[in-house]
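Worksheet: the structure to be examined is printed underneath.
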Number of protein chains: 2
Amino acid sequence: MANADDAFIRQSFDLIDGLDGLSDPLDVQKTIFDLVARCGFSYFAITRLPQPGERIGPNLLLSVWPEGWLSHYDQVGHYRHDPVVRHCLRTTEPFAWSEVTDDPEATPQTRRVMEEAREHGMGAGYCVPIHDAHGFQGGISMAGERIDLPPRVRRAVHLLGLYAWSAAARTTQQRPKPAGRLLSARERDVLSFAAQGRTREETADLLGVSIETVSTHLRNARSKIGTRNTTHTVIEALRLREITL
Amino acid sequence: MANADDAFIRQSFDLIDGLDGLSDPLDVQKTIFDLVARCGFSYFAITRLPQPGERIGPNLLLSVWPEGWLSHYDQVGHYRHDPVVRHCLRTTEPFAWSEVTDDPEATPQTRRVMEEAREHGMGAGYCVPIHDAHGFQGGISMAGERIDLPPRVRRAVHLLGLYAWSAAARTTQQRPKPAGRLLSARERDVLSFAAQGRTREETADLLGVSIETVSTHLRNARSKIGTRNTTHTVIEALRLREITL
DNA sequence: GCCGGTATCCCCGAAAACCGGTAGAGCGAG
DNA sequence: CTCGCTCTACCGGTTTTCGGGGATACCGGC
């Protein structure tokens with residue numbers, strides 16, 4: 001049995017090396033599904049974290065998922081109560097669904113999500129949360145009637161999930177990489193002053209420009225980084241090392 | 001050779017399973033060092049991300065690191081220019097130091113960090129960035145005169161890094177959590193949300209209190225820390241380690 | 001020469017944050 | 001049992017920021 005496990009691990013590692021070369025998302029999907037199927041899973045899904053109010057549907061990167069379950073899931077709004085999603089926000093380590101269903105503070109809605117999943121042929125599952133420099137980003141879930149993963153296979157699945165995510169993200173979305181510096185010198189200036197608690201007016205005086213100019217710089221910085229207000233922008237700019245204290 | 005690699009992978013997986021049982025940080029350190037030494041590394045360090053303005057020193061969790069290099073690193077303020085740290089903010093995948101030193105926009109300071117590292121016996125290194133639900137948290141670096149990691153060994157090291165981090169964080173932090181003695185718990189809550197770009201109204205909803213209460217907390221936090229507005233307060237609270245990202 | 005990015009400036013209405021004062025309930029320490 | 005702190009909540013008025021339009025000018029690259 002241990003030999004079978006090691007064989008699986010070897011295969012996983014080979015597959016991970018192979019993922020880099022793929023450019024068609026369907027190839028990635030097929031490759032991953034072949035492997036998770038060998039662990040006894042019938043389904044898998046790689047998904048981004050939906051924005052508040054958004055549905056899961058448009059955020060699915062790759063999936064082999066029960067017919068109807070996804071639309072039902074979105075329709076009912078299960079996302080907000082899904083204990084698996086909740087747990088992803090708390091941990092970086094992969095976990096079996098069964099580990100989170102006996103949550104002490106489980107609500108009726110929470111229980112309902114899991115019951116209905118079972119009715120769709122997903123009585124058990126395993127989830128790998130994905131985090132990056134900006135926090136929780138999504139996850140990869142595998143599901144079937146029942147699962148039985150030996151510890152070392154779990155590790156391999158963990159690693160597989162991480163690279164599957166990268167491959168899925170890479171092949172399904174063509175995003176212009178802001179390789180170099182994201183912000184202009186002036187934008188960094190105004191954010192530095194903002195970090196010191198300066199108002200736009202003060203910053204304008206200190207830089208010798210008008211308050212509208214400062215506002216424009218702040219606005220452009222917001223839209224570049226994709227933040228919601230100045231505070232958020234300053235924090236993110238700090239994290240991106242665009243500014244220092 | 002492939003057999004040696006597989007043997008290493010098996011060992012790594014066994015070690016990962018064993019980490020859970022350890023409670024003494026020195027055991028963790030010894031176990032990890034034994035393994036990384038087998039890959040040809042002479043040093044390793046597991047470190048948290050320092051808060052802005054802080055030094056690396058107090059944030060090292062576990063390390064076997066060249067004498068003098070750390071203090072020099074802190075003294076010179078290398079941290080702010082270290083290309084390895086910079087790269088950790090952009091990627092979740094492990095990388096060799098050599099991959100980031102030929103950065104097109106390398107500054108003289110950046111180059112100096114790497115040159116001085118080489119003089120301390122660390123001509124090459126490999127780094128596994130660590131991210132959790134709150135973003136970039138730290139990393140584990142391995143270094144030596146020269147490295148040569150076959151792809152599958154890299155994967156194993158990646159996984160090892162993730163679990164080594166967990167074990168290091170678990171065993172080393174005896175947390176006097178009331179570290180934040182200046183602000184109240186609620187004040188820290190509202191500042192954390194503010195750091196995420198939430199409005200007072202959103203924060204009020206999320207905390208289940210009225211918007212006036214949130215305003216009061218923000219006001220009190222401002223007057224306690226002596227800051228000028230919310231942005232300033234968040235930045236200072238971060239520096240004071242009252243909140244984390 | 002055109003285009004994209006940058007830097008500058010302008011306007012205006014809506015939304016949010018700030019300010020200062022007030023105040024009851026709860027709780028733990030002295 | 002006070003005293004102090006926290007958490008909660010409200011009010012009215014002022015200041016600041018946000019959002020979405022504009023505009024002009026410079027510069028560098030294809």
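All values below were derived from every heavy atom in this structure, side-chain atoms included, with hydrogens, water molecules and symmetry-related copies excluded. A note on names: the letters A, B, ... follow the listed sequences, proteins ahead of strands, and every chain is numbered from 1.
Shown here for B:P94 and B:Y126, the closest heavy-atom pair between the two residues is CB-OH, 3.4 Å. Across all non-hydrogen atoms, the minimal contact from A:P129 to A:T92 is CD-O, 4.0 Å. Nearest approach of B:I140 to B:A164, heavy atoms of both residues: CD1-CB, 4.1 Å.
When distances run from any side-chain atom of B:E212 to the nucleotides D:dC10, C:dC10, D:dT8, the shortest one goes to D:dC10. The side chain of A:S184 lies closest to C:dT6 when the candidates are C:dT6, D:dC10, C:dT8.
A salt bridge between A:E242 and A:K224 is absent, with no side-chain N of the basic residue lying under 4.0 Å from a carboxylate O of the acidic one. Ion pairing of A:E202 with B:R228 is present here, as a side-chain N (NZ or NE/NH1/NH2) and a carboxylate O approach within less than 4.0 Å. Contact check on B:R170 versus A:E93 returns no salt bridge, with no Lys/Arg side-chain nitrogen under 4.0 Å from an Asp/Glu carboxylate oxygen. A salt bridge links A:R186 with A:D189: the distance from a Lys NZ or Arg NE/NH1/NH2 to an Asp or Glu carboxylate oxygen falls below 4.0 Å.
Ring planes of B:W69 and B:Y73: perpendicular class, angle over 60° (limits at 30 and 60°).
The 5' end of DNA chain C is approached more closely, in terms of each residue's nearest nucleotide, by A:S210 than by the other of B:T230 and A:S210. Toward the 5′ end of DNA chain D lies the nearest nucleotide of B:I211, the other residue of the pair A:S215 and B:I211 mapping further downstream.
Defining each end axis of the helix from C:dG1-D:dC30 to C:dG30-D:dC1 as the rotation carrying four pairs' C1' atoms onto the next four, with five pairs an end, the two axes are found to diverge by 60° to 10 degrees.
The distance from atom CD of A:E187 to atom P of C:dA7 is 6 Å, rounded to the nearest whole Å. In this structure, A:E202 atom CD and D:dT15 atom C1' are separated by 12 Å, rounded to whole Å. As a whole-Å value, the separation of A:R198 CZ from C:dC18 C1' is 18 Å. Atom-to-atom, CZ of A:R188 to P of C:dG5 comes out at 16 Å; the value is rounded to the nearest Å. Following rounding to the nearest Å, A:R186 (CZ) and D:dC27 (P) show an atom-to-atom distance of 16 Å.
Under 4.0 angstrom from either OP1 or OP2 of C:dT8 there lies no side-chain N or O belonging to A:T213.
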Distances under 3.5 Å only, N/O to N/O: pair up the protein atoms with those of nucleotides 14-16 of chain C.
none

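Residues A:H158 and B:Y163 have side chains that bring a donor and an acceptor to within less than 3.5 angstrom of each other. Remark: the A:H232 side chain and the B:Q196 side chain contain no N/O donor-acceptor pair separated by less than 3.5 Å.
Within the 3.5 Å criterion, the main-chain N or O of A:L183 finds a donor-acceptor partner in the side chain of A:R188.
Across residues 216-229 of chain A, A:R219, A:R222, A:N229 each have a non-hydrogen atom less than 4.0 Å from an atom of DNA chain D (numbered order).
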